[in-house]
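Written out below as structure tokens is the structure these notes cover.
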Amino acid sequence: MSEGLALLLDFAFQRLRLHRLEAACLPGNVASRGLSPRTGFREEGYAEKYLCIDGKWQDHVLFAILAEQWRR
């Protein structure tokens with residue numbers, strides 16, 4: 001996943017010229033919560049009842065990265 005996300009970030013920031021990318025994951029998703037900071041995302045907050053999954057509103061941890069924060 002780290003390699004795939006790195007490729008996605010390169011494409012998003014270099015080819016598409018995006019300024020910012022956001023990610024959200026379930027609080028209990030240890031793998032995603034670890035991957036985001038390792039790839040440069042910064043935790044920005046906690047969103048209660050952010051998405052409805054299988055008929056139940058789920059909280060999410062929010063992450064973001066800016067183009068200038070991404071290693072080139």
Side-chain angles (χ1 to χ4, degrees):
M1 281 304 290
S2 295
E3 291 176 22
L5 184 53
L7 290 172
L8 174 85
L9 291 171
D10 278 338
F11 183 78
F13 291 136
Q14 294 178 3
R15 181 98 184 252
L16 298 179
R17 307 293 234 187
L18 296 179
H19 169 70
R20 174 186 172 90
L21 290 176
E22 299 177 358
C25 68
L26 294 167
N29 187 336
V30 177
S32 290
R33 286 190 77 172
L35 175 66
S36 297
R38 281 196 314 274
T39 52
F41 281 81
R42 296 181 183 180
E43 188 171 327
E44 291 193 328
Y46 190 89
E48 290 186 58
K49 298 181 180 180
Y50 183 71
L51 285 175
C52 186
I53 302 172
D54 290 330
K56 181 180 175 194
W57 287 98
Q58 301 283 330
D59 297 348
H60 280 68
V61 180
L62 306 175
F63 295 89
I65 185 171
L66 301 176
E68 60 264 23
Q69 296 168 333
W70 173 240
R71 57 178 167 73
R72 289 178 173 46

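Atom set for the values below is all heavy atoms of this structure, side chains included, hydrogens, waters and symmetry mates excluded.
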Whether over 12 other heavy atoms sit under 6.0 Å from Arg20 CZ: yes
Applying a strict under-4.5 Å side-chain criterion to I, L, V, M, F, W and Y, I'd like to know whether Tyr46 and Val30 cluster together.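 Tyr46 does not cluster with Val30.
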Grouping I, L, V, M, F, W and Y whenever their side-chain heavy atoms are under 4.5 Å apart, do Leu7 and Met1 come out in a common cluster? no
Rounded to the nearest 0.5 Å, what's the gap from [atom1] on [X] to [atom2] on [Y]? Could you check?
{"X": "Glu44", "Y": "Phe63", "atom1": "CD", "atom2": "CZ", "value": "10.0 Å"}
{"X": "Ser36", "Y": "Glu43", "atom1": "OG", "atom2": "CD", "value": "9.0 Å"}
{"X": "Leu18", "Y": "Leu66", "atom1": "CG", "atom2": "CG", "value": "11.5 Å"}

Considering all heavy atoms, the nearest Ala47-Leu62 contact: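 Closest pair (atom of Ala47, atom of Leu62, distance): CB-CD1, 3.9 Å.
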Taking the side chain as every heavy atom from C-beta outward, state whether Leu21 and Trp70 have any pair of such atoms under 4.5 Å apart.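 They are not in side-chain contact.
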Would you say the side chain of Leu35 lies within less than 4.5 Å of the side chain of Phe41, judging by non-hydrogen atoms? no
Which pairs, with at least one residue in residues 52-67 and sequence neighbours excluded, count as a salt bridge (charged side-chain N to carboxylate O under 4.0 Å, His left out)? none
Is Arg33 reaching over with its side chain to a backbone N or O of Cys25, donor-acceptor style, under 3.5 angstrom?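 Not confirmed, Arg33 side chain does not pair with Cys25 backbone.
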Tell me every residue that passes side chain to side chain contact (heavy atoms under 4.5 Å, CB included) with Ile53, counting only those two or more places apart in sequence or in another chain. Leu26, Leu51, Gln58, His60
